[in-house]
Amino acid sequence: MLRAVRAFQNKITALWIPHRELIHFPKLRATTTSDPSLQQHFSYSRFVEVLEELKGEFESRFSNVTEHKEIFNFMENPFHVDVSSLTPTITQLCPGIGAALESEIIELQTNAILQVELRAGVGHFWSLVSEADFPTLKPLAQKVMSFFMSTYTCESTFLTMNTIKRKQRNRLTHTHLECLTVCQTPNRTRTTKESRSKVYLR
């Protein structure tokens, strides 16, 4: 999801209207081309203001992601990150164990076998990283991989549960509530499995 957020932020910048060609908005471009008089009523400055507001909202909402981008880059590809660039983030997330963690990262980056496994995917790679060999790094990976980029999934699920378990259903058991929530939330099962696989990377 981090890649999707970054890509969208870059796309917002690309949506500026150079020379008013509207290349990223084909329908609007076709409309104004077929009827040039409409261009007189179209506010390009207001259009750019909306995009600037959207960009600012994204930067504000995902400010924590930007702040810790080095650790996210490391989780995505630990073999192409300078350990020194991770020091501030490591100090903040793991105070007191920075030296041990940096040592384990260096050891990991020299492991040719694990480097090959990274091609199969980030989740697969970190599931093969042994906690016995990397007792400090593995818990950090579990912590970072369990981060939610948005609270939407949690908020949506709780809203569904509150809708199902009303005052008239006060005798509804937790088991039945969970089953009904799964039925009402199609993506919940997949999301839950993905979350558990991120947390329990073993």
**Request:** Evaluate side-chain contact (heavy atoms from CB on, under 4.5 Å) for N111 paired with D133, printing each intermediate quantity in order.
**Result:** CA-CA 11 Å; N111 193 315; D133 297 331; over 6 Å; no
**Item:** Qualifying residue for side-chain contact (heavy atoms from CB on, under 4.5 Å) with P78, from N73, L108, V83
**Value:**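 The passing option is L108.
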Would you give the length of the straight line joining atom [atom1] of [X] to atom [atom2] of [Y], rounded to the nearest 0.5 angstrom?
{"X": "L159", "Y": "T181", "atom1": "CG", "atom2": "OG1", "answer": "11.0 Å"}
{"X": "I71", "Y": "E76", "atom1": "CD1", "atom2": "CD", "answer": "12.5 Å"}
{"X": "L118", "Y": "N77", "atom1": "CG", "atom2": "CG", "answer": "5.0 Å"}
{"X": "Q142", "Y": "E131", "atom1": "CD", "atom2": "CD", "answer": "6.0 Å"}
{"X": "I105", "Y": "E107", "atom1": "CD1", "atom2": "CD", "answer": "10.5 Å"}

Taking all heavy atoms of [X] and all of [Y], pick out the closest pair and write down the distance.
{"X": "K165", "Y": "L172", "result": "NZ-O, 3.7 Å"}
{"X": "L114", "Y": "F134", "result": "CD1-CE1, 4.4 Å"}
{"X": "A132", "Y": "P135", "result": "O-CD, 4.0 Å"}
{"X": "W126", "Y": "A141", "result": "CE3-CB, 3.6 Å"}

Backbone of [Y] reached by a side-chain donor or acceptor of [X] within 3.5 Å:
{"X": "S34", "Y": "A30", "value": "yes"}
{"X": "E104", "Y": "L137", "value": "yes"}
{"X": "S103", "Y": "A100", "value": "no"}
{"X": "E117", "Y": "S127", "value": "no"}
{"X": "K138", "Y": "V129", "value": "yes"}

**Item:** Same apolar cluster: I113 and I106, side chain cutoff 4.5 Å
**Value:**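 Different clusters.
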**Asked** In terms of hydrophobic clustering (I, L, V, M, F, W, Y; side-chain heavy atoms under 4.5 Å; direct or indirect links), are L54 and V50 co-clustered?
**Response** no
**Asked** Counting heavy atoms not belonging to H124, are there more than 12 under 6.0 Å from its NE2?
**Response**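 Enclosed.
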**Message:** Taking the six-membered ring for Trp, are F74 and F79 closer than 6.0 Å centroid to centroid?
**Reply:** no
